[in-house]
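Notes follow once the structure below has been shown.
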Amino acid sequence: MASPAATAILLAALFGVVSIAKSADPQECAAARNQNQQALRLDKVTVLMNGFSESRIPLLHSLAVAYSLSPIVSSVLVLWGNPSTPPRVLRQLARNLSLSSSSAPISLLPQPSASLNNRFLPRPSHISTDSVLICDDDVEVDSKSFEFAFRVWEKNPNRLVGLFARSHDLDLNRREWIYTVHPDRFSIVLTKFMFLRARYLYLYTCVGGDRMERVRGIVDAVRNCEDLLMNLVVAEEAQVGPLLVGAKRVMDYGDARNDGEEGVRVGLSSRKGEHRKRRGWCIGEFHRVLGRMPLRYSYGKIVDDVGEQGLCYKGGKIVFCDHS
């Protein structure tokens, strides 16, 4: 059963007390629907980096430049989701990013609202690749691991591929869905670093009718869980779970929005517990509204180094590494 606070949030969202983002732009959805999928580049990736905090602009700038240097990147789009940022700051940031562009251009795209659903707008006029990397502005991944994760995605383009895994589960005693971590399986990868098909942005934003609009409204009401909803959308479409990739070096600088999940720990353990409860509540509400639970478990981790426990590529197939 949902907590009183969670129920209040949902009721407020449903009755308009909490501001909910408007439905997707019909013109953008029509353009995405009519986009020639065969014309999308298969050898490159478009990076969509989420940005919000002015205090992290130097880090965001550094990470965006690093991605633009990669030979597999077509473009870097910085999605600025803080409408309160002064225009002069945005102008300076846009100028600095543009001047710092290397082999791939870097663009700043201020978002129309603070809705987390904006992370998954289809953007057909900006995305010309089949592959999209969704990432945060506080996660740094070494270039070799980034390129390896892309190669894994190339072999599995219908699946989500990421570095940070979580899981859903059913609490039989309370008879409710929970958000957790299992040592041996996972069903969710986080948008801290997530490869997906560009088409999934269209499915998230433009398809599914009233039910998808309602669950996107839940995301806006709790200002959380957009990554969980994308995992449900992809699992429903692909009928298979995500893939977890090992990285040689990952720095998750973290902040209050991370609620102590990776890297730098923020807040007390009780705060982390509330974060997990809220996300478990989201999973339950998504299930209730959509009428199904498409999340599927995956097992193991794909690595590029046989010295690390996990799965490896051999002969173009994913197999367990032989360490003997």
Side-chain angles (χ1 to χ4, degrees), residues 43-111 114 116 118-121 123 126-129 131-153 161-164 189-196 226-227 245-266 304:
D43 61 332
K44 299 273 188 176
V45 58
T46 301
V47 177
L48 301 185
M49 179 182 293
N50 202 47
F52 188 90
S53 172
E54 292 178 47
S55 66
R56 282 216 305 274
I57 284 179
L59 177 59
L60 179 151
H61 181 271
S62 174
L63 295 178
V65 171
Y67 279 120
S68 77
L69 290 170
S70 173
I72 65 171
V73 171
S74 172
S75 63
V76 179
L77 306 178
V78 176
L79 312 180
W80 192 261
N82 186 353
S84 300
T85 304
R88 60 175 179 77
V89 174
L90 293 180
R91 287 194 297 269
Q92 185 64 49
L93 175 58
R95 182 175 183 274
N96 290 344
L97 290 173
S98 178
L99 292 175
S100 301
S101 297
S102 184
S103 57
I106 308 173
S107 302
L108 179 68
L109 302 182
Q111 300 308 290
L116 294 175
N118 290 334
R119 299 190 76 173
F120 301 133
L121 295 177
R123 308 179 195 281
H126 291 94
I127 297 175
S128 60
T129 61
S131 175
V132 173
L133 174 69
I134 308 291
C135 61
D136 283 352
D137 62 352
D138 57 4
V139 175
E140 181 181 5
V141 179
D142 69 278
S143 60
K144 288 186 178 180
S145 296
F146 167 52
E147 293 173 14
F148 175 67
F150 177 66
R151 295 201 304 273
V152 172
W153 179 87
V161 174
L163 301 182
F164 303 90
V189 291
L190 304 183
T191 46
K192 291 173 179 289
F193 186 95
M194 170 201 285
F195 280 96
L196 48 67
E226 81 286 356
D227 54 342
V245 176
K248 295 181 182 299
R249 186 179 65 84
V250 177
M251 287 294 294
D252 184 350
Y253 295 92
D255 77 335
R257 292 181 300 159
N258 292 54
D259 264 344
E261 287 211 343
E262 298 286 348
V264 179
R265 302 296 176 178
V266 179
D304 196 24

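Numbers here are sequence positions counted from 1. Remember, it's a predicted structure, so these values are computed and weren't measured experimentally.
Among Asp138, Asp252, Asp227, Asp136, the one residue that satisfies the side chain to side chain donor-acceptor pair (under 3.5 Å) test with Lys192 is Asp252.
In this structure, Ser131 has no side-chain hydrogen bond (donor to acceptor under 3.5 Å, both in side chains) partners at least two apart in sequence or on a different chain. With sequence neighbours left out, Glu147 forms a salt bridge (charged side-chain N to carboxylate O under 4.0 Å, His left out) with no residue at all. By the salt bridge (charged side-chain N to carboxylate O under 4.0 Å, His left out) test, Asp142 pairs with no residue at all, sequence neighbours left out. Every residue two or more places apart in sequence or in another chain was checked for a salt bridge (charged side-chain N to carboxylate O under 4.0 Å, His left out) with Arg123, and none qualifies. Listed by chain and residue number, nothing satisfies the side-chain hydrogen bond (donor to acceptor under 3.5 Å, both in side chains) test with Ser103 (two or more places apart in sequence, or in another chain). Evaluation of the side-chain hydrogen bond (donor to acceptor under 3.5 Å, both in side chains) rule for Glu54 yields no partner, not counting sequence neighbours.
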Show every donor-acceptor pair shorter than 3.5 Å between a side-chain atom in residues 69-78 and any protein atom, with sequence neighbours excluded, or say none if there are none.
unit_1, atom_1, unit_2, atom_2, d
Ser70, OG, Ile72, N, 3.3

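Screening residues 80-90 for side chain to side chain donor-acceptor pair (under 3.5 Å) gives Trp80-Thr85 as the qualifying pairs, with residues at least two apart or on separate chains. Sorted by first and then second residue, the pairs that involve residues 55-74 and meet ring pair (Phe, Tyr, Trp, His ring centres under 6.0 Å), not counting sequence neighbours, are Tyr67-Phe146.
We find the OG1-CG distance between Thr46 and Leu133 to be 10.0 Å, quoted to the nearest 0.5 Å.
Using a 4.0 Å cut-off between charged nitrogen and carboxylate oxygen, Asp304 and Lys144 do not count as a salt-bridge pair.
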